[in-house]
Amino acid sequence: MSSLVPDVSPEQLQQLKESAGRCIDEAGDVLSLLSSEIWRCPELAYQEEKAHEALVRFFSQQPGWTVQGHYLLNTAFRATWGPMGGREGDNVVNIGFLCEYDALPGIGHACGHNLIAEVGAAAALGVKGALGALSHCPVRAKVTVLGTPAEEDGGGKIDLIQAGAFEGMDVVFMAHPSQEDVAYCADLAEIDLTVKYHGKASHAAAYPWKGINALDAAVLAYNNLSVLRQQLKPEWRIHGIIKHGGVKPNIIPDYSELFFYLRTPKHQDLPHIKEKAEKCFRSAAMATGCQVNLEYGKNEFYNILRNITLERAYEENGKTLGIEFITNEKLQEIPLGSTDFGNVSFVVPGIHTYFYIGSNALNHTEEYTAAAGAEKAQFYTLRTAKAMAMTALDVLFCPELLQRVRDEYAEAKLKEESG
Ligand SMILES: NCCCC[C@H](NC(=O)CCCN)C(=O)O
């Protein structure tokens with residue numbers, strides 16, 4: 001164990017961790033109600049008004065929190081407690097917990113973001129409850145809960161980074177529902193791409209030769225990308241849909257639209273996959289005589305800048321709660337998708353862990369939606385929150401640990417950004 005702040009023994013820190021766990025258990029019912037309220041009303045990215053209202057109400061009803069609704073974004077919020085404790089002139093250590101709460105079209109909370117909101121809120125209550133019960137908190141601590149909308153589409157965390165929401169935070173935590181407990185997975189950098197082809201309508205039977213077929217362009221592009229895949233590195237991803245392909249069989253389509261995600265292990269590789277994909281889209285336009293417009297999403301999602309120091313501390317705490325982590329580095333290198341937490345990890349040291357919720361269903365399926373709303377998920381969600389709260393207390397009471405987290409972050413960021 002790293003050396004602790006003066007006048008705090010390892011036993012006292014352990015007692016604080018147990019106190020945080022009790023506070024989380026005591027709030028179990030209201031946390032479950034919060035989660036199910038969000039789960040019952042799935043809302044899409046940037047439209048999470050009911051979830052925003054539920055979370056703002058939740059923290060407004062908890063003593064000691066300063067709550068800001070519509071914080072920098074219409075459906076973002078911030079709830080802060082502190083700074084409290086310490087001695088005059090002590091540096092504040094600001095711990096951030098992130099809540100996601102956007103759902104997916106047609107299948108609701110199939111990624112369990114209602115549980116992400118719950119686990120973040122629970123961990124924050126645990127840390128605040130443990131520190132608030134002290135007659136004098138020996139560290140100058142602050143807890144910040146940040147409601148970060150639109151992870152599935154657009155990247156609300158990126159908007160919040162640009163608006164300064166993460167300034168002053170020392171370490172951030174969040175946890176994402178999955179099929180197993182793991183402290184890190186190699187989430188991919190990602191960019192959205194919308195492609196629009198414009199052709200010329202004509203009667204498809206009477207005089208098709210007078211038309212310029214935008215659906216042909218879409219199909220050619222889709223096939224170009226399908227053969228390109230063989231030449232992509234195994235972790236790279238290009239996948240998408242044809243959103244519009246025509247209106248009637250007897251009208252040569254004069255418009256088609258495709259929506260694609262391009263993904264690479266590192267943010268620095270995105271330009272390369274974009275270049276390859278663009279050739280596939282533009283050549284289809286050339287072959288059919290269509291005009292083509294390529295529109296990239298407003299935010300590029302970054303890969304996660306991992307912090308092994310923080311991951312290990314989290315794993316140590318989780319194991320005391322019975323969490324069995326997948327620690328095989330190989331398993332942790334399996335790409336799982338993308339998250340705007342990646343962008344956060346390049347401005348604040350943090351961890352985006354994954355946790356089992358009592359089901360082997362796969363994310364983005366109707367089965368996972370059911371699992372995320374099931375009572376069975378509560379035990380695992382609160383257990384994860386306790387592990388996060390315990391790790392936050394380690395960071396607060398072990399200056400040496402916090403320094404190692406900061407040193408690793410600075411070194412990893414320098415290495416990543418220097419290519
Ligand atoms: N710009 C679109 C981003 C899609 C993000 C989406 N995220 C998830 O499914 C959560 C994965 C957490 N690692 C994705 O398709 O990856």
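For ligands, and for the atoms within them, numbers begin at 1 and follow the listed sequence. Computed from heavy atoms alone, side chains included, the values below leave out hydrogens, waters and symmetry copies.
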Mark up the atoms of ligand 1 that fall under 4.0 Å of a heavy atom belonging to [X], in ascending order.
X: His364; value: 9 (O)
X: His176; value: 10 (C), 12 (C)
X: Gly337; value: 16 (O)

For [atom], what's the nearest protein heavy-atom neighbour? Residue, atom name and distance, please.
atom: atom 12 (C) of ligand 1; value: Tyr354 OH, 3.4 Å
atom: atom 3 (C) of ligand 1; value: Phe301 CE2, 3.6 Å
atom: atom 4 (C) of ligand 1; value: Glu152 O, 3.6 Å

So, does Ser338 sit close enough to ligand 1 that a heavy atom of it is under 4.0 Å from the ligand?
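Ser338 counts as a contact of ligand 1 under the 4.0 Å cut-off.
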Please confirm whether Asp153 comes under 4.0 Å of ligand 1, counting heavy atoms of the residue only.
no
Side-chain donor-acceptor pair under 3.5 Å between Glu190 and Ser338, yes or no?
no
Going by atom types only, do His113 and Asp102 share a side-chain donor-acceptor pair under 3.5 Å?
yes
If a pair satisfies side-chain hydrogen bond (donor to acceptor under 3.5 Å, both in side chains) and one of its residues is in residues 162-171, list it, with sequence neighbours excluded.
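Found Asp170-Arg406.
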Decide if the gap between the ring center of Phe355 and the ring center of Tyr380 is smaller than 6.0 angstrom.
no
Are His244 and Tyr255 an aromatic pair by the rule of ring centers under 6.0 Å?
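Judged by ring-centre distance (under 6.0 Å), His244 and Tyr255 do meet the cut-off.
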Counting heavy atoms only, name the option from Arg237, Glu100, Arg263, Glu190 that's nearest to atom 14 (C) of ligand 1.
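Comparing heavy atoms across Arg237, Glu100, Arg263, Glu190, the nearest one to atom 14 (C) of ligand 1 lies in Arg263.
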Tell me which one of Thr339, Asn299, Asp192 gets a heavy atom nearest to atom 2 (C) of ligand 1.
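Residue with the shortest heavy-atom distance to the ligand atom: Asp192.
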I'd like to know if Asp90 pairs up with Arg140 as an ion pair, taking the criterion as any Lys NZ or Arg NE/NH1/NH2 lying under 4.0 Å from an Asp or Glu carboxylate oxygen.
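So Asp90 does not pair with Arg140 through a salt bridge.
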Any salt bridge between Arg312 and Glu315, counting N to O under 4.0 Å?
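Judged by the 4.0 Å cut-off on N to carboxylate O distance, Arg312 and Glu315 do form a salt bridge.
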